[in-house]
Amino acid sequence: SHIIMMPGYSAGESLDNQKSSMDLVNAINSNEPKASYAETSDDVIEQLKAKLTGKDIIIQMGAGDITQITPKITSLIQRSNLSKKNTVSH
């Protein structure tokens, strides 16, 4: 499993003592490298290109414009033919 973290933004609360996405990536990786940081949605796509296999599950979580990356991920899966590698036959 691998986590790709993008920047987090305040929803109006005070930023005193706030942790960043990079802080979270570093904490996750303190035990075993399982996380990476992506500044932009294009960075996420580049990392997914390098990591995706036909058996991966992608979970998106976030707020704001995070949904704008969904078409890019869908296109990546379709272009790379990964969706056919993950088809289950009965």
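All values derive from a computational prediction rather than experimental measurement.
Residues Ser21 and Met6 fail the side-chain proximity criterion, which asks for heavy atoms closer than 4.5 Å. Counting heavy atoms from C-beta outward, Lys49 and Leu76 have side chains that approach closer than 4.5 Å. Looking at heavy atoms from C-beta onward, Asp42 lies in side-chain contact with Lys72 at the 4.5 angstrom threshold.
The two atoms that bring Ala38 and Pro7 nearest to each other are O-CD, 3.4 Å, heavy atoms only. Nearest heavy atoms, His2 versus Ser36: NE2-OG, 2.9 Å. Contact between Ile69 and Ile66 at its shortest, heavy atoms only, is CG2-O, 3.0 Å.
Within 6.0 Å of atom NZ in Lys51, more than 12 heavy atoms from other residues, nucleotides or ligands are found, so the atom counts as buried in its surroundings.
With rounding to the nearest 0.5 Å, the separation of CD1 in Ile3 from CD in Gln47 is 12.0 Å. For the atom pair CG of Leu24 and CG of Asn29, the computed distance is 9.5 Å after rounding to the nearest 0.5 Å.
Counted by atom type alone, Ser41 and Gln68 present zero donor-acceptor pairs between their side chains at under 3.5 Å.
Just one residue in the list Ile45, Val25, Ile58, Leu48 forms a side chain to side chain contact (heavy atoms under 4.5 Å, CB included) with Ile4, and that residue is Leu48.
Looking at Asn26, its side chain never comes within 3.5 Å of a backbone N or O of Asp23 through a donor-acceptor pair.
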